[in-house]
Structure formats: structure tokens, C-alpha cells
Amino acid sequence: MKKVLGLVVSNRKLGNSEILVKEIINNIPEECNRELIRLTDLEIKPCKACYRCLQPNNACPVRDDFNFVIEKIREADALIIGVPVYFLGPHGYYKMLTDRLLGSQNYSQDTQGKPCIIVMPYGSEGWEGYSKIACMVMPKLLRMKLVDCWQIHASLPGESLLNPENISYARALGRELFNGREYHAESKECPICGSDLFRLINENQVECPICGSRGILKNNFSPDFSDSDYRRFSDHEMDEHFKGWLLEMKDRFSAEKNHLKELQKGYRNQNWWIKPCRLDEC
Ligand SMILES: Cc1cc2nc3c(=O)[nH]c(=O)nc-3n(C[C@H](O)[C@H](O)[C@H](O)COP(=O)(O)O)c2cc1C
């Protein structure tokens, strides 16, 4: 039986993220085992940058709920993410989870090609900011197949239900989750990854900040990336970066460690750190 995991990254009970994730999952025609995680109920600490997880078979050593979440994602046949826009980007807890994926290329064989839907409610037209491109990074790192990245205007808790078209669309996503549907970039989006923001390089040349592809803007302002030979999320580039460059960094660090320690020394005693006084420490 297929396993489907819903990942809700909002504290709001019965908010738009939760409701739409549930609507999608509820309409999957295949018999499946459904599970939901509310990420904000769990503890996800910052990445310690220890690089331990870069070695195959090393779980993240940070003691929190990350390993539980990633195991659930790895064993699921499909992932449905509901994450609202907070201050022009995705909810910060989603970024916290994404930052913990340094070891992702050691287990992306479990997630590769599996369908992933992102539903992203936002409250204010024009305040979507960089949220779309930022939320696509996680499924890209996991080499999942993006079925849709649906940004939906809904502000109040449950407001997405006021428009019956939203419910129909969520149901269609559920019905089509396992039937091969794949996200196709719109005409003004990056044709490689679907990003809706570009970096200006020179004259009419633009770069996609997410997949790094470069191209030109045609007269109708559609991006043409047909000559680009760089694709950050291609299997080749991902292996180069994670299994090549990042591992080389470890060796470089070993070689430079003593010299770097010498340079760092002068800052060691500058201890101006402050912390709030916790009740049990006062
Ligand atoms: C702290 C905070 C920041 C927000 N920032 C934005 C924003 O920058 N742009 C926007 O369109 N909506 C913003 N919103 C509105 C939410 O995206 C919107 O209410 C959404 O429906 C919440 O989803 P939920 O019901 O699943 O929690 C913000 C909401 C909160 C609480």
C-alpha cells in the first residue's frame, strides 16, 4: 500500500495549509496509508555545520526531531507540503528543515522521482516575495518530482474554503498525484525549474537564482535557456557539489585547520555574548 505524508508547516490549527493538505490527501484514489506531521509541533534545531551527515550512513547527530521527519519523508511514496508565506518567504521552520539536508544526497535515492506537491497560502496579493523559489529547494535537494507548487491567496484561517475553485483544484491534485502529472513552468518562469525570479547578468542575459541556468529574455520577455549547459539540480551537478566539492572542503579544512585556528585566536576572548536569564538558571 502506498504511503502519503502531509507536512504542515503552520501553527494555525485548521489553517489554510492544513486544510488544503488534507483536501489533497483525502482525494487520492489509490488505497494508501496517510500520515500528517505538523512541523511546528516538533523541535527542529539549527544545523551545527559539523558535516557528519555528508558521510554515507551517518545520521544527523543533533538531538531533535529531524531524524524522525526525514525518515518519514524517505519512507513515504509521496509528500504533500503545506507552508504559508511569512514575510515574503516560506515560514522560517521550513527553511530550518531545508538547512538540515546537507546529507540529502546520501538518501536521495529513496526520494528520487517521488511526487511532491507544495501548497503555499499567502495573505496579501503582491506579498508573495521570494517564497515560491525558496520553497522549491527542498524537493529539488531530495530529487523529488514536483507535481505542483500552488500559491493560493487566502488570508484568514480556512479562507481558502470560501472559493469552491480552490477545493476543486486541491481535489484534482489529489486525484492526479500518482498519475504522472508534473509541474510545467509558465511562460515567464524559468523553463528548467519553474522559478519566478531572475538575476540580471548583463544586457538581456538573465540567471535563474535557483537552478543557476542562464539564458536570454526574448522580445516577449519569456526566458530562453536552451543554450544553458549548467543545471544545478541535475544528477551530475548534485553529485559534483555534494560528493565532490563539499567532501573536498572537509579535506581542505583538515589541511588548513591549524592556520585558521591561529587566525581565529585573536577573537576568542571577545566574549560579549548575552542571553536572557532563564528561570532555572537565575
Ligand atoms: C507572521 C506572519 C507573516 C506573514 N507574512 C506574509 C507575507 O509576507 N505575505 C503574505 O502574502 N502573507 C503573509 N502572511 C499571511 C499568511 O501567509 C496567510 O494568513 C496564510 O493563509 C497563513 O496560512 P495558514 O492558515 O496555513 O497558517 C503572514 C502571516 C503571518 C502570521
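Atoms considered below: every heavy atom in the structure, side chains included; atoms not considered: hydrogens, waters and symmetry mates. Ligands are counted one by one from 1 in listed order, and the atoms in each one are counted from 1 as well.
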Which heavy atom of the protein is the closest neighbour of [atom], given with residue, atom name and distance?
| atom | result |
| --- | --- |
| atom 23 (O) of ligand 1 | P84 CB, 3.3 Å |
| atom 27 (O) of ligand 1 | S10 OG, 2.6 Å |
| atom 26 (O) of ligand 1 | S17 OG, 2.6 Å |
| atom 21 (O) of ligand 1 | A154 O, 2.6 Å |
| atom 19 (O) of ligand 1 | S155 O, 2.8 Å |

Minimum heavy-atom separation for C190 to A185, with atom names?
->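 Scanning both residues completely, I find the closest heavy atoms to be O-CB, 3.2 Å.
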If I apply the N/O under 3.5 Å rule, does [X] come out as touching ligand 1?
| X | answer |
| --- | --- |
| G123 | yes |
| E18 | no |
| N16 | yes |
| P157 | no |
| F87 | yes |
| Y86 | no |
| W127 | yes |

Hey, which atoms in ligand 1 end up nearer than 4.0 Å to a heavy atom of G15?
->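 The atoms of ligand 1 under 4.0 Å from a heavy atom of G15 are 25 (O), 26 (O).
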Which atoms from ligand 1 have a heavy atom of L88 less than 4.0 Å away?
-> 7 (C), 8 (O)
Looking only at side chains, do Y169 and E23 share a donor and an acceptor under 3.5 Å apart?
-> no
Looking just at side-chain N and O atoms, do S108 and Q105 make a donor-acceptor pair shorter than 3.5 Å?
-> yes
Measuring from I81:CD1 to L146:CG, what's the distance to the nearest 0.5 Å?
-> 8.5 Å
CZ (R214) and CD (E207) are apart, to the nearest 0.5 Å, by 4.5 Å
Do you know which of S195, C135, P209, P90 makes side-chain contact (heavy atoms from CB on, under 4.5 Å) with Y130?
-> P90
From the list H91, M120, M136, side-chain contact (heavy atoms from CB on, under 4.5 Å) partner of S131 resolves to M120
Below 4.0 angstrom, N of the basic side chain to O of the carboxylate: do D235 and K140 qualify?
-> no
Quick one: which of T40, N11, V85, V119 has a heavy atom closest to atom 17 (O) of ligand 1?
->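 The option holding the nearest heavy atom is V85.
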What part of S124, side chain from CB on, backbone N/CA/C/O, both or neither, has a heavy atom under 4.0 Å from ligand 1?
->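 The answer is both, backbone and side chain.
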Would you mind telling me which of K72, K3, K2, K22 makes a salt bridge (charged side-chain N to carboxylate O under 4.0 Å, His left out) with E35?
-> K72
By side chain to side chain donor-acceptor pair (under 3.5 Å), which residues pair with R12, not counting sequence neighbours?
->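 With sequence neighbours excluded, R12 shows a side chain to side chain donor-acceptor pair (under 3.5 Å) to no residue whatsoever.
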